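Indexing begins at 1, ligand by ligand and atom by atom, following the structure's order. Note that the structure is a prediction, hence the values are computed from the model and not measured. Hydrogens, waters and symmetry mates play no part in the numbers below; they use all other heavy atoms, side chains included.
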Amino acid sequence: MLGKIFKQKLQFIKSSLKIHQNSRLSLIQNIQFQSRSPFCSLEQRPQILKNSIKLGNDASKGQQIQKNLQEEFNQIELISNPQHQNRVKKIIQTYVVNTDFVNIEQLAEFIAFDGQKLLQKLTSMGINPEKISLKEANLISLEYDVKIQHKNEKGNIKQRSPVVTIMGHVDHGKTTLLDYLRNSQIAKGEFGGITQKIGAFHVLTPEGQRITFIDTPGHEAFSNMRVRGANSTDMIILVVSAIEGIQPQTLEVIKLAHQNQVHILVAINKIDVPGARPDLVEKQLKEQGKLDLEPFGGNIPVVHISALNGTNMDLLLELILFESELMELKEDYDSLAEGVVIESRRDVDNDEKSCTIIVQKGTLKVGDHIIIGNNYCKVRSIKDDKKNMLKQAFPSYAVEITGIKELPQSGDVVFALESENKAKVISQRRIKNEEELNSQEEQFIQGSGSKLKFENVREKRKFFSGNREITEAKYNEVEARILDKIKQLEEIDFKSETEMNDIQQKIQKLKQDLQQNKQYMANLVGDVKVGNSINLIIKANDFGTKETLVSQIIKAKLAYEDIQLNIISATVGQVTEADIRDAELFNAKILGMDIQLSKDVEQLVKQKKIVVKSHKIIYTLIDDIKLLMEQGPEEAEEEEKEVERGQAVIQSVIEIKASKSQTQFVAGCKVLSGKINKKHLYRIERDGEIIEKDLEIANLRHFKKEVEEIKEGSECGIIFFRFNSFEEGDTVVAYEKE
Ligand SMILES: Nc1nc2c(ncn2[C@@H]2O[C@H](COP(=O)(O)OP(=O)(O)OP(=O)(O)O)[C@@H](O)[C@H]2O)c(=O)[nH]1
């Protein structure tokens, strides 16, 4: 019933394109008005504008309007949905640049790799880190599934067909739906023969339009893609039974689609069964599933079907094509192919290995040299799901290929390269990287006793390559987990001494874990060698400054090849107790912008004698670092040595009125040893504790006379810059930093 209504609606939209030839202008204006209306949400605007662009296609004044709308649409699209163009997250990420060279900072950012490690890599390959050709950059970036492309590399951009995955709760009819689609094609005799199950198949509409279906029912294929941090689907058909309605896995699919920003189309199935209530299911989907369904004015289409007897299946296909048209699925047909593995298998009879891939970009040809997973091979044959031998496969094609040496896993990356040699080199490095990654993970798990959870391989790689964002997050995650356990244990009311000992032992063990964890993490972050290097903890006041500081430091570092400089961490915000702990552990200096220490932290800084330096301008901070590097680690250490020049005791505190509103305090002192000189720095000690340090003298007097220096045994009056909280009996210590 409702299927009919839908068909009518589709028909209406289509016919409106023709009927409104004369009155279309007003329609477009109406839509324009709608899209500008304050009642139109930002999310709706692209859709409305997109529709209006379509409508504007052949309107009399359409061209100009279309251009304006397109511009407005582009702008809105950027604001409202930056991911829109990227709905299918490619496994190979492409970055477009407008220069022939990139530098180390750009490359490090593209491949989300630690700058210091990248520097080592570039040096070992003999590449100038400041001038990396795109060819060289790709040789490295392709190890990490990233391509760097010049803006002028023009491709042959054309419409590609949609790739669709069918998902839903158990028994709601996914297999039946797929079987119907697959068999309807055979039944129509369009291809003859029996389809082979290769994990994906395609359907051709009577108009010759192609749709690729991934036919691994359930979540398996999709989840595997997710593990790789990508997916190959343009749309998910969410199958919901009209009898059972929303079930746990239905909600799971909705969540998955949202997380991955994949468009949903709802197919309410089993409408042939007596008692089916598709209308109620729609309400459920809206209320519980929070889906913005079309029948309620939203943009998620719903179609009522019976997969068993084929009711409204043609409508479903039409709808898929209609949605894909709106999504403007376009791809470069001329570039080297890129894709993703759906399934792989070994032939029982002849042991031949083959796998199904979805081509995402470019054209895959027989004879291409490809990387598949981490291995490389030459494509021997390409077959479609109807067993037709192909010479080439275009974007969105699902094909079975042979020639592979090792069986890849679903979700593995596939990309073609210009030569076998290049494929070989990249493959070898990818294998090496993977081995390193695995052994690092093993070591880490052994070392910390705390298992980390990674969303996908990319995240894992970022973590082990020392990517600070990820490392910091994971580091905090583990630390929080351990601290939480310690807290729980500390709160236990023990009933006996044995129990108490047992708990304390556990706490002790956890504290060791914490320490080990820290040490291990720090090693990962930057090959930290305590004592033999300059170690820094960078604090910035915002994210942008942090990025600039880190990249400037890496740049500054390039000039001092033989100096080991490590950034232990670079974070936004004020100095924390954790920073102090790290500074102590790695003998690191804390450098930052506008640092203001809280009372507790300040206390710790003094106690642990940590060097904290605050700057107002990025460049002075960088200069400071350059100075440290010029001096080298040893001198840099010694720079902080304070050499005592004299001591005095405060015998009285004198208050004087400097002006009507200003009171000054003079410390009346007697010099006990050495000298008090205006050039020196001063610290105030009370009962053996340092109250303040690095003070400078504003005014030094011998009786009424202003002097530069006072010798042992004499008395004097001192006014310090910005400090007057001294008390009678405090010791004033003069020192110089050498
Ligand atoms: N009457 C009727 N029965 C259907 C329809 N679609 C599926 N079925 C039946 O529902 C049952 C489950 O269908 P499947 O296609 O196996 O469901 P599925 O979602 O693939 O289930 P899993 O693979 O277990 O997740 C089967 O007995 C189908 O015959 C339909 O449209 N109408």
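Within the 4.0 Å heavy-atom shell around ligand 1 one does not find Gly168.
Relative to atom 17 (O) of ligand 1, the option among Gly173, Gly310, Ser241, Pro274 with the closest non-hydrogen atom is Gly173. Of the listed residues (Asp179, Leu308, Ile271, Val273), the one carrying the non-hydrogen atom nearest atom 30 (C) of ligand 1 is Leu308. Counting only non-hydrogen atoms, the option in Asp171, Ile305, Thr176, Asp272 that gets closest to atom 7 (C) of ligand 1 is Thr176.
For the pair Arg430 and Glu143, the salt-bridge criterion is not met [side-chain N within less than 4.0 Å of a carboxylate O]. For the pair Asp368 and Lys378, the salt-bridge criterion is not met [side-chain N within less than 4.0 Å of a carboxylate O].
Set against the non-hydrogen atoms of His169, the atoms of ligand 1 under 4.0 Å away are 19 (O). Residue contact check: Ala307 has heavy atoms under 4.0 Å from atoms 31 (O) of ligand 1. Near His172, meaning under 4.0 Å from any of its heavy atoms, are these atoms of ligand 1: 17 (O), 19 (O).
Checked options Val302, Ile300, Val266; the residue passing with Leu285 is Val266 (criterion: side chain to side chain contact (heavy atoms under 4.5 Å, CB included)). Under the side-chain hydrogen bond (donor to acceptor under 3.5 Å, both in side chains) rule, Ser306 has a single partner from Asp272, Asn269, Asn312, which is Asp272.
Contact annotation: for Thr175 versus ligand 1, heavy atoms closer than 4.0 Å belong to both the backbone and the side chain. The parts of Lys270 lying near ligand 1 are both backbone and side chain, judged by heavy-atom distances below 4.0 Å.
Between the CG atom of Leu142 and the CG atom of Asp145 there is a distance of 8.0 Å, given to the nearest 0.5 Å.
Between Val170 and ligand 1, no pair of N/O atoms sits closer than 3.5 Å.
For Tyr95, the side chain to side chain contact (heavy atoms under 4.5 Å, CB included) partners at least two apart in sequence or on another chain are Gln93, Phe110, Val146. Every residue meeting the side chain to side chain contact (heavy atoms under 4.5 Å, CB included) condition with Ser354, not counting sequence neighbours, appears here in chain and number order: Arg345, Glu400, Thr402.
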